[in-house]
Structure formats: C-alpha cells, structure tokens
Amino acid sequence: MIDSYFLRTGSTSKKRKLDDRETISEHRDSQTAGCMDDISNSGELSSRLSCFDNISSKQSLEWKKISAENLDLDYVQLFTKTEADSLFQQAERMIKYNANSKVFLHGKWHNIPRKQTAYGDTGLRYTFSGATVSAQPWSNAGFLKDICDLISTLTGHKFNFVLVNRYKDGIDHMGEHRDDETDLETGSAIASISLGQARDFIFRHADARGRSAKRKIEPVKLELSHGSLLMMNHPTNVYWFHSLPVRKRAFLPRINLTFRKMVVKS
DNA sequence: TACGGTCACCGGA
DNA sequence: ATCCGGTGACCGT
C-alpha cells in the first residue's frame with residue numbers, strides 16, 4: 001500500500017512547479033505515506049498526552065521563519081510521524097462534521113469542496129460567505145483542547161476556537177481568501193495544524209491580484225506536512241490571501257485544524 | 001509531434 | 001465573496 005502510494009504520487013514531480021527558495025518540502029512523502037496504514041488501537045486520552053511530553057518547550061524544535069512584505073509566518077514540524085498518525089486517527093474517530101455546508105458567492109449557493117466543523121468555548125461561532133460555523137463543546141473532542149493548550153503554551157498565544165477542515169483527497173480544496181477580521185481578535189495569530197496528506201499552501205498579496213494589479217509581488221508557496229504547525233502572525237492576514245489549491249496527484253485525506261482567538265459576540 | 005493533463009490566473013453579480 | 005468555469009501556459013508523452 002505504501003509502495004502504491006509512492007508510485008501514484010510521484011515524489012519528485014510535485015516539487016517541479018514550486019520554487020525551492022520559497023518551498024518547504026522535506027519529509028513530504030515519508031511523513032504522509034504511512035498515516036493511513038497505521039490502524040493502531042486507541043489508547044486512553046491520557047496516554048495520548050504523553051506524546052506531548054517531549055515538546056513542552058520551544059527549545060527542541062526547529063522553527064523556520066518565513067518573511068515577505070507584511071507577511072510573517074513560523075513553521076515547525078511539531079509532531080513526529082508516530083504522534084501525528086495517532087492524532088490523525090483520533091481526529092477520524094472523534095470529529096463530527098457538519099452536513100450540507102454551503103457558501104453564497106456571486107449570487108449562487110455552493111456546496112463547499114471539503115467537510116467542515118468547529119470546536120471551542122461555549123457560544124463562539126465563525127461566519128464567512130453566508131455560512132456560520134458554531135463551535136461544538138471541547139468535551140466532544142478532548143484531544144483538540146489538549147492540542148490547543150499545547151500550542152498556547154508553546155507560542156504564548158491564547159486560543160478559544162478551532163475550525164476543522166477535512167479534504168478527502170487532492171480534489172477537495174479551498175479557494176483564495178483572507179480570514180474575516182471582524183470575527184478575530186485584532187492582531188491575534190492563527191495556528192494551523194496539518195494532519196495526513198501533505199498539501200501545497202499558497203499566499204498571494206492583495207495588491208498583486210487581478211489583471212490590473214498595482215504591483216508585482218511573488219506568491220509565497222509552502223508545503224504543509226503531516227504533523228506540522230504553521231503560525232500565521234499579524235499582519236499577514238490583512239495583506240495576504242491564502243488558498244489550498246487542487247492537487248490531482250494527492251490521493252489521501254488531509255485534516256487541518258486552525259486555532260483562533262475569536263471575539264466574543266453577544 | 002500534437003495532444004491531453006495539470007495548473008495559475010482571472011472574473012462573474 | 002473559502003464558489004465555479006473559462007483561458008492559456010507549460011510539460012510529458
């Protein structure tokens with residue numbers, strides 16, 4: 001099964017289009033290939049927590065800073081493959097996705113090309129393009145709260161909400177957008193955990209979009225690997241759009257967790 | 001080669 | 001405007 005994955009994916013061809021200067025691609029295949037094969041039996045949640053023991057401080061982690069004009073990202077391989085496999089399995093078992101998620105764009109309703117849900121503090125919700133995603137209680141998926149606490153400790157940013165997107169394969173995707181400022185606490189960072197299939201992730205500056213773009217600014221392209229953490233720091237989301245494009249050569253599911261600090265609205 | 005698959009990009013109301 | 005469809009460049013066969 002792993003062999004067939006390698007054959008179908010074509011580990012070298014994927015990097016062809018990406019500029020090495022801007023691309024983070026090490027470990028891609030080795031970290032992704034086995035995750036669906038590891039059907040380990042579940043342990044208690046407490047035993048999962050032990051996998052966080054060795055990442056209690058920033059010290060042992062190799063962070064990579066990614067900078068451009070008004071773009072500020074920090075990327076790190078937060079979890080080992082074994083840890084990430086376990087988290088992926090828990091996500092598949094515990095996360096319940098919303099049915100019939102639709103968005104309204106240019107006069108039409110569309111089904112979103114992925115599955116989505118959210119967890120968080122009571123009463124929080126996230127709105128975009130005519131859709132509202134209400135937080136399920138943390139207690140419905142306790143491991144998400146554990147990850148939330150871990151990255152809060154690790155980064156010093158406090159989060160109260162996680163948006164979950166599941167891409168069943170490389171056809172599932174997310175179009176270019178900026179996150180809605182009005183729902184987010186101003187100046188807060190967004191923490192993005194990736195589990196499963198590695199996927200390209202692309203940032204484009206607002207001033208470089210459209211036929212009559214004011215300026216020529218190169219896109220910033222990353223690959224988000226199994227078990228990675230990407231910190232999107234202020235003011236990245238003010239100036240840069242981001243997207244997860246279709247990748248026909250990707251066949252396995254990816255689950256993305258974006259931890260946010262939401263404004264409490266009445 | 002000429003073609004088909006993939007992808008980047010644009011623009012729609 | 002987290003969608004889609006159309007267009008054209010590029011690349012591998």
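Protein chains get the first letters and strands the later ones, always in sequence-line order, with residue 1 at the start of each. Hydrogens, waters and symmetry mates play no part in the numbers below; they use all other heavy atoms, side chains included.
Between A/His173 atom NE2 and B/dT6 atom P there is a gap of 15 Å when expressed in whole angstrom units. Following rounding to the nearest Å, A/Lys102 (NZ) and C/dC3 (C1') show an atom-to-atom distance of 12 Å. If you measure from atom NE2 of A/His242 to atom C1' of B/dA8, you get 18 Å, rounded to the nearest angstrom. Here B/dC9 presents its P atom at 13 Å from CD1 of A/Ile217, a figure rounded to the nearest Å. Distance, A/His106 NE2 to B/dG12 C1': 6 Å, rounded to whole Å. One interatomic measurement links the two molecules: CZ of A/Arg209 to P of B/dC10, which rounds to 8 Å at whole-angstrom precision. Distance A/Arg204 CZ to B/dC9 P: 5 Å, rounded to the nearest Å. One can place CZ of A/Arg247 at 18 Å from P of B/dG5, the figure rounded to the nearest angstrom.
Residue A/Phe241 is classed as having no contact, given no heavy-atom separation below 4.0 Å to the nucleic acid. Residue contacts shown for A/Lys248 are limited to sugar-phosphate atoms, with no base heavy atom under 4.0 Å away.
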Using nucleotides 5-8 of chain C, report all nitrogen or oxygen pairs with the protein that are shorter than 3.5 Å.
none

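Checking B/dA8, B/dC9, B/dC7 against the side-chain heavy atoms of A/Arg249 singles out B/dC7 as nearest. Closest to the side chain of A/His110, from the set B/dC7, C/dC3, B/dG11, is C/dC3.
In this model, the phosphate group of C/dC3 is approached by a side-chain N or O of A/Arg114 to a distance below 4.0 Å at OP1 or OP2.
By the 30° and 60° cut-offs, the orientation of the rings of A/Trp240 relative to A/His205 is perpendicular. Using the six-membered ring where Trp is involved, A/Phe201 and A/Phe203 have ring planes that are perpendicular, over 60° apart on the 30 and 60° scheme.
Of the possible donor and acceptor atoms, none in the side chain of A/Gln116 sits under 3.5 Å from a partner among the backbone N and O of A/Val133.
Counting heavy-atom neighbours within 6.0 Å of A/Phe241 CZ, excluding the residue itself, gives a total above 12.
Screening A/Asn256, A/Leu224, A/Asp85, A/Leu87 against A/Leu195 for a side-chain contact (heavy atoms from CB on, under 4.5 Å) leaves a single residue, A/Leu87. For the side-chain hydrogen bond (donor to acceptor under 3.5 Å, both in side chains) test with A/Trp138, the passing option among A/Asp146, A/Asp121, A/Asn160, A/Asp149 is A/Asp121; the others fail.
What you find for A/Met231 and A/Phe159 is that their closest heavy atoms are CE-CZ, 4.2 Å.
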